Number of protein chains: 2
Amino acid sequence: MADHDDVRTRTDDVRTRILDAAEKLFYERGIQAVGMDELRTAAGVSLKRLYGTFPAKHDLVEAYLRRRDEHWRASLAAYVDAHSGTPGAAPLAVFDWLETWFAAPDFRGCAFINAYGELGATSEGVGRVTREHKLALRTYLADLVRPLAATASDEAAGPGGVTTVLAGQLALLIDGAITAAAVTGDPAAARTARAAAEALVRGVGGGRTGV
Amino acid sequence: MADHDDVRTRTDDVRTRILDAAEKLFYERGIQAVGMDELRTAAGVSLKRLYGTFPAKHDLVEAYLRRRDEHWRASLAAYVDAHSGTPGAAPLAVFDWLETWFAAPDFRGCAFINAYGELGATSEGVGRVTREHKLALRTYLADLVRPLAATASDEAAGPGGVTTVLAGQLALLIDGAITAAAVTGDPAAARTARAAAEALVRGVGGGRTGV
DNA sequence: TAGTGTAGAGAACGATCGTTCTCTTGGGAA
DNA sequence: TTCCCAAGAGAACGATCGTTCTCTACACTA
């Protein structure tokens with residue numbers, strides 16, 4: 001039993017160290033710009049162990065994106081949970097979180113959009129993970145705006161419903177803000193997006209709910 | 001004189017053929033995925049002429065992005081000019097143009113965002129051209145929404161003015177729609193963005209102009 | 001203690017990249 | 001016709017990539 005635990009933690013530790021190094025280097029400089037040898041050095045792992053854990057580079061890339069998706073969404077959700085007193089504040093808290101992210105010194109845009117622009121045409125796996133990430137974000141946003149729908153019957157309205165439409169619009173603002181902040185380096189894109197989101201949310205909460 | 005014309009047209013033709021091939025291949029498959037040799041074959045140009053016209057690959061990449069910026073914005077402006085009867089229709093025509101672009105079979109997202117995700121961390125030139133492209137788009141959008149500002153005095157209000165803010169918001173929707181359409185493959189992102197833009201524009205044109 | 005197997009270090013391999021060089025060919029000037 | 005230069009075709013070069021293989025050293029078992 002103790003042996004198994006040791007092996008397990010040792011294995012997990014190696015996997016984590018590799019993914020940590022991959023996340024830092026891939027996100028910072030791009031995927032194709034980072035070689036497996038540099039990655040091995042950064043992770044402090046032998047080349048044999050590296051290839052034993054991830055049989056090929058594209059497996060590592062996919063694992064990197066999947067773990068980043070989990071962490072990114074968990075971090076967002078934790079912030080929103082902590083900063084949304086009223087239901088109306090929740091969707092706007094998303095943009096406050098974005099601003100803190102944009103201001104981080106290592107911010108370099110959306111890891112998924114970057115990876116998609118780099119490898120989306122070649123690697124099917126990158127396209128799939130990126131799609132799943134964006135869809136999960138939209139689903140999360142729909143959960144946030146659902147309480148704001150004027151009529152409770154809208155909750156099950158489906159694709160044409162107010163919640164789905166508004167969630168889609170907020171998702172566009174988020175992606176736009178991320179790319180704008182990455183290109184210009186100015187975190188203020190989050191506030192611009194927040195102001196737009198406020199107007200869109202107000203349009204739903206008010207009397208005029210027609211779409 | 002005739003000689004000079006011949007040389008000039010011949011030279012321009014070579015340059016154009018190279019840029020045509022570069023645009024097709026770089027946009028379709030990514031920049032790093034296309035080698036200079038394949039590019040030479042596609043352009044029907046000798047390797048010597050290729051390097052005589054563009055001393056290095058990054059020069060060709062930058063020229064590709066610059067020409068694409070010109071063509072892209074010219075195509076957008078032509079469509080908006082032709083489809084904006086009233087001043088209020090002009091900003092929305094932008095999103096109609098986006099939808100036709102998204103539906104094109106070779107659509108693969110924003111060439112600049114793709115290039116930035118791939119080389120932005122390495123190449124300063126790519127970052128610069130991308131920044132200029134996005135700034136030019138914002139300036140164009142500001143020109144489109146300026147007539148909608150409720151008070152004429154806002155025209156010279158500067159960064160905090162209604163036109164600048166609204167133009168920035170529309171730019172976020174545009175970038176978001178482009179990436180969403182690229183990732184999901186669904187041109188409907190343009191309509192979602194258009195609906196959001198409509199709401200934002202209405203907020204300015206109506207009585208409530210406070211920001 | 002002798003034997004065994006596992007893992008680390010890094011050399012090696014084949015492919016491919018951006019770039020340069022060589023060889024050849026063809027057309028215009030004297 | 002003879003010379004010469006420009007240009008095309010593609011071989012060659014050095015670097016680097018992802019991936020595999022070899023060699024060594026060490027820990028554990030009988």
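Here is the naming used below: chain letters follow the sequence lines, and residue numbers restart at 1 for every chain. From a predicted model like this one, the values you see are computed outputs, not experimental measurements.
In this structure, A:Ile18 places its CD1 atom 15 Å from P of D:dG18, rounding to the nearest Å. Residue B:Gln32 contributes atom CD, which lies 22 Å from atom P of C:dA15 at whole-angstrom precision. Between the CG atom of A:Leu39 and the P atom of D:dG18 there is a distance of 9 Å, given to the nearest Å. If you measure from atom CG of B:Leu50 to atom P of D:dA7, you get 15 Å, rounded to the nearest angstrom. In this structure, A:Leu47 places its CG atom 15 Å from C1' of D:dC23, rounding to the nearest Å. Rounded to whole Å, atom P of C:dG18 lies 11 Å from atom CD1 of B:Ile31. To the nearest angstrom, P of D:dT19 lies 8 Å from NE2 of A:His58. Between the C1' atom of C:dT20 and the NZ atom of B:Lys57 lies a distance of 17 Å, rounded to the nearest Å.
With hydrogens and angles ignored, a donor-acceptor pair under 3.5 angstrom links the side chain of B:Lys48 to the base of D:dG8.
Among the nucleotides D:dT19, D:dA7, D:dG10, the one closest to the side chain of B:Arg40 is D:dG10. For A:Tyr51, whose side chain is taken as the heavy atoms from C-beta onward, the closest listed nucleotide among C:dA7, C:dT19, D:dG18 is D:dG18.
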For this session: List the steps, then state whether ring-ring contact (aromatic ring centres under 6.0 Å, His included) holds for B:His133 with B:Trp72.
Result: CA-CA 10 Å; B:His133 169 72; B:Trp72 190 88; 5.1 Å; yes
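At a threshold of 4.0 Å, the pair B:Lys24-B:Asp20 does not count as salt-bridged, since none of the basic side-chain nitrogens sits closer than that to a carboxylate oxygen.
Within the 3.5 Å criterion, the main-chain N or O of B:Ser46 finds no donor-acceptor partner in the side chain of B:Arg40. Although no hydrogens or angles enter the test, the distance criterion places a donor-acceptor pair under 3.5 Å between the side chain of B:Asn114 and the main chain of B:Arg108.
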